[in-house]
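Naming: A, B, ... by sequence-line order, numbering from 1 per chain.
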Amino acid sequence: MKLIEHFELGLDAPICLTWELTYACNLECAHCLSSSGRRDPRELTTAQAEAVIDELQRMQVFYVNIGGGEPTIRPDFWHLLEYAVNHQVGVKFSTNGVRLTPERAAYLASPACGGYVDVQISLDGATAEVNDYVRGPGSFDTAITALQNLKDAGFTDAKISVVCTRQNIGQLDEFKALADEYGATLRLTRLRPSGRGADVWDELHPLPEQQKVLYDWLMASGDNVLTGDSFFHLAAFGEALPGLNLCGAGRVVCLIDPIGDVYACPFAIHDNFLAGNLLRDGGFQEVWQTSPLFQDLRSPQTGGACAKCDFYDSCRGGCMAAKFFTGLPLDGPDPECVQGYGEMALAGARSVPAASQDHSKANPTRNQPVMLKLMTRPPVSDCAESPLAGFVP
Amino acid sequence: MHLDEQWALAPSVALRPEPFGALAYHFGNRKLIFLKRPELVAVVRALGEADDVRAALVAAGVPEAGWPSYLAALEGLAASDMIRARQEVAA
């Protein structure tokens with residue numbers, strides 16, 4: 001049996017586990033995949049979080065991707081970080097940089113972290129203009145300050161994590177230059193229509209010709225660029241990109257959310273992909289190994305309408321979450337199918353599922369991005385008040 | 001790699017058993033490697049205690065005809081620092 005077939009049947013423990021520590025966030029990014037903003041009162045306590053780490057150690061989950069929300073604003077974040085690395089669970093955490101002061105940067109570079117900690121700074125534009133449009137005013141400067149602090153403290157190889165959008169695909173070389181400037185590694189990932197991303201996906205997801213630009217760029221310059229294996233739908237252009245060219249949801253990856261709910265993947269925070277809760281259902285291992293949802297995801301998939309496509313073996317139907325949150329059937333094409341089947345599917349009848357959780361802030365703060373553009377067309381005349389001015393039937 | 005050399009799993013590497021064999025994870029360089037045969041896992045586990053590579057292959061029950069491919073696999077593991085020549089382990 002080939003390795004990929006073993007992966008499709010699921011492993012005894014995930015290879016790559018994402019753990020969102022809190023739904024609280026100082027930012028309100030327009031495309032937040034977990035609709036974060038406000039803390040959930042049911043979030044795991046410090047003791048419960050330590051118990052999760054103990055269990056991950058027993059299961060030999062070698063590292064965990066910690067995110068949120070903004071994980072560093074949990075008061076016990078630094079404690080949990082140290083607890084994890086002391087229990088053979090390496091940590092890679094994602095942050096917007098808000099708490100990466102020079103002191104914290106020095107701590108991360110110190111022997112206390114034993115080199116078992118990776119830091120990933122989110123940046124969705126190589127310029128403040130492009131970044132702040134989706135991540136909110138001031139967020140570019142916050143991220144750059146954090147990168148500078150890490151560099152000054154001697155922390156090597158931070159990651160700059162970029163969600164690829166219609167507006168920043170043209171900045172790939174600039175992102176690489178920025179990463180080089182800070183001694184960092186560039187990480188590119190795919191925009192998913194998950195969480196608040198559903199609201200802005202139509203405007204932000206890369207256009208078909210941009211998918212090709214991205215693919216060509218990754219093939220030409222992507223040697224030292226991480227992708228989280230998130231672009232396997234691009235494999236249908238021809239040659240597969242490095243990594244696992246397969247949807248790993250519930251098979252080799254999953255997500256633990258701040259209240260201990262276990263979902264099939266970080267991009268699928270929805271009741272349909274909820275496998276169980278590690279507090280209620282006997283622990284993480286029990287949920288991972290026995291949940292009916294995960295058993296189902298590990299059973300052979302048919303490929304549906306895609307099975308007859310010549311490229312099915314390359315892309316394997318693409319991303320489950322991208323299909324689900326755009327209202328497409330899970331056994332059909334990915335909405336960004338590079339063979340064009342996605343556009344056809346999107347043009348047909350579909351209904352986008354309602355969100356099953358939303359921790360967005362009830363009232364917008366000054367950090368909320370304002371996704372408005374200046375009008376590009378001048379008014380018909382200085383005082384054209386008629387709503388039909390300029391309208392020619 | 002030669003049959004009479006002495007090797008061992010690197011100290012910062014952990015093996016996790018899986019149905020196909022094992023995952024080897026290196027906490028230092030963050031590399032994750034899949035050991036796709038249970039026999040290879042047995043060889044890797046035996047390396048540190050065995051007198052040499054040959055003894056580890058014998059202990060794991062690998063038939064002699066298969067040794068060249070196992071040596072090649074071990075060389076791949078050595079290139080990723082998953083296993084180290086034994087005198088280096090002590091250092």
Notebook entry, point to check: Is it true that A/Y116 and A/Y63 have ring centroids separated by less than 6.0 Å?
Noted result: no
Item checked: Heavy-atom side-chain proximity of A/V52 to A/D54 below 4.5 angstrom -> no
Notebook entry, point to check: So do the side chains of A/R58 and A/F284 get within less than 4.5 Å of each other, counting heavy atoms only?
Noted result: no
Margin query: If you apply the rule side-chain contact (heavy atoms from CB on, under 4.5 Å), what do you find for A/L297 with A/Q295, and how did you get there?
Written below: CA-CA 6 Å; A/L297 289 172; A/Q295 298 301 322; over 6 Å; no
Next item on the list: Can you check whether anything in residues 6-14 of chain A gets within less than 4.5 Å of chain B, heavy-atom wise, and list it by number?
Entry: A/H6, A/F7, A/L11, A/D12, A/A13, A/P14
Next item on the list: For chain B, find which of A/K92, A/Q60, A/Q88 contributes the most heavy-atom pairs closer than 4.5 angstrom.
Entry: A/Q60
Note to self: Strictly less than 4.5 Å between heavy atoms, which residues of residues 26-62 of chain B line up against chain A? Please order them by number.
What the structure shows: B/F27, B/R30, B/L32, B/F34, B/K36
Margin query: Would the distance check show the side chain of A/T95 and the main-chain N or O of A/G97 forming a donor-acceptor pair, the cut-off being under 3.5 Å?
Written below: yes
Margin query: For A/I160 versus A/L147, what's the shortest heavy-atom pair and its separation?
Written below: CD1-CD1, 3.8 Å
Checklist line | Flag side-chain contact, heavy atom, 4.5 Å: A/D180 against A/F175 | finding: no
Next item on the list: Give a yes/no verdict on a cation-pi contact between A/R298 and A/W288, requiring under 6.0 Å between NZ or CZ and the six-membered ring centre and an angle within 45° of the axis.
Entry: yes
Check: Should we count CG of A/N224 as having more than 12 external heavy atoms under 6.0 Å?
Finding: no
Check: Would you say B/Q6's side chain and B/R86's backbone share a donor-acceptor pair under 3.5 angstrom?
Finding: no
